[in-house]
**Student:** 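Before I ask anything, let me first share the structure, which is written out below as C-alpha cells.
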Amino acid sequence: MIKQYETVFIATPVLSEAQMKEAVAKYTKLITDNGGEIVYQEDWGLKQLAYPIQHKTSGFYYLIEFKAEPEFVATLETQYHRDERILRYLTVALDKHAVAYAEHRRQTRAAKAAAPKPAAEPVEAAPAVAEPAAESENTENAEA
C-alpha cells in the first residue's frame, strides 16, 4: 500500500549551492528509483538552528513530499544517517487531513507567487514646518 510522506532534512551550511543541489538530486533519485513518486519539493534555504548541531549554528533546510511503500522509509533514513552532509532529518507519514493541508498550502503559495505585486503608492511629502514668528521677533529685539 502506497502512502504519502513528508521528509525534511537539514544539510550542513558549508555546502556550496551546487553541492546542495547534488544532495537533493541524490535523495529525489533514490525515491524515484525505489518506486516512489515525488509530489512536491521546496527549498527553505539557510536558516538559524535553535541549538548547535555538530558545532554548526545554521543549516540548509529542504522539504520533499513523496508517495512510496512504507518499507522504503527505512532505506531513505539509512541513507540520511550515512551521509555526512545531513545534520538532521525527519520523515512523517501524512494522514488524509495532513495531505489536504499540504495541498492547500501548495495552492496558497502558488497563488501568492502568481499574483502581481501591487505597485507602491507615491508618498506625499510632509508639509514644511514654519518657524514660530515669536522667536524671530525676539531675536530682532535682542540685537537692537
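Any value given below was found using the heavy atoms of this structure, including those in side chains, with hydrogens, waters and symmetry copies removed. Heads up: numbering here begins at 1 and tracks the sequence.
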**Student:** Parallel, tilted or perpendicular: which one describes the rings of Tyr80 and Tyr27, with boundaries at 30° and 60°?
**Tutor:** tilted
**Student:** Would you please indicate if the ring centroids of Tyr89 and Phe9 are separated by under 6.0 Å?
**Tutor:** no
**Student:** Before accepting this row, confirm whether a basic side-chain N of the pair Lys96/Glu103 lies closer than 4.0 Å to the acidic partner's carboxylate O.
**Tutor:** no
**Student:** Taking side chain to side chain contact (heavy atoms under 4.5 Å, CB included) as the definition, give me every residue that meets it alongside Tyr40, ordered by chain and number, with sequence neighbours left out.
**Tutor:** Glu42, Leu63, Glu65, Arg106, Arg109
**Student:** Can Glu22 and Arg85 be counted as an ion pair, charged N to O under 4.0 angstrom?
**Tutor:** yes
**Student:** At their closest point, which heavy atom of Lys3 faces which heavy atom of Pro70, and how far apart are they?
**Tutor:** CD-CG, 4.0 Å
**Student:** Could you see if Val73 belongs to whatever hydrophobic cluster contains Val39? Use Ile, Leu, Val, Met, Phe, Trp, Tyr and a side-chain cutoff under 4.5 Å.
**Tutor:** no
**Student:** I'd like to know if Trp44 and Leu49 are part of one continuous hydrophobic network [Ile/Leu/Val/Met/Phe/Trp/Tyr, side-chain heavy atoms within less than 4.5 Å].
**Tutor:** yes
**Student:** Tell me whether Ile86 shares a hydrophobic cluster with Tyr61, the cluster being built from Ile, Leu, Val, Met, Phe, Trp, Tyr side chains joined at under 4.5 Å.
**Tutor:** no
**Student:** Would you say that Thr12 contacts Lys56 through its side chain, given a criterion of any heavy-atom pair below 4.5 Å between the two side chains?
**Tutor:** yes
**Student:** Find the distance between OG1 (Thr7) and CG (Leu90) and round it off to the nearest 0.5 Å.
**Tutor:** 7.0 Å
**Student:** Is it the case that one hydrophobic cluster holds both Tyr5 and Phe72, taking links as side-chain heavy atoms less than 4.5 Å apart, direct or via other members?
**Tutor:** yes
**Student:** Under the side chain to side chain contact (heavy atoms under 4.5 Å, CB included) rule, collect the residues that match up with Ala100, sequence neighbours excluded.
**Tutor:** none
**Student:** Between the side chain of Gln4 and the main-chain N/O of Phe66, is any donor-acceptor distance below 3.5 Å?
**Tutor:** no
**Student:** Picking from Asp95, Leu94, Val99, what satisfies side chain to side chain contact (heavy atoms under 4.5 Å, CB included) with His97?
**Tutor:** Asp95
**Student:** Please report the interatomic distance OG1(Thr91) to CD1(Ile64), rounded to the nearest 0.5 Å.
**Tutor:** 9.0 Å
**Student:** Same cluster or not: Leu87 versus Leu15, using hydrophobic residues (I, L, V, M, F, W, Y) connected whenever any side-chain heavy atoms lie under 4.5 Å apart?
**Tutor:** no
**Student:** State whether the number of non-hydrogen atoms from other residues, nucleotides or ligands found under 6.0 Å of Glu84 atom CD is greater than 12.
**Tutor:** no
**Student:** Is it true that, when you exclude Gln54 itself, more than 12 heavy atoms of the residues, nucleotides or ligands shown sit nearer than 6.0 Å to its CD?
**Tutor:** yes
**Student:** Rounded to the nearest 0.5 Å, what separation is found between the CZ atom of Arg88 and the CD1 atom of Ile10?
**Tutor:** 7.5 Å
**Student:** Would you find a donor on one side and an acceptor on the other, under 3.5 Å apart, between the side chain of Gln79 and the backbone of Leu76?
**Tutor:** no
**Student:** Drop me the distance from Asn34's CG to Glu69's CD, to the nearest 0.5 angstrom.
**Tutor:** 10.5 Å
**Student:** With a 6.0 Å cut-off (strictly less than), is the heavy-atom count around NZ of Lys26, excluding the residue itself, greater than 12?
**Tutor:** yes
**Student:** Considering all heavy atoms of both residues, which atom of Gly36 and which atom of Ala68 are nearest to each other, and what is their separation?
**Tutor:** CA-CB, 4.2 Å
**Student:** Going by heavy atoms in the side chains, are Gln41 and Val24 under 4.5 Å from each other?
**Tutor:** yes
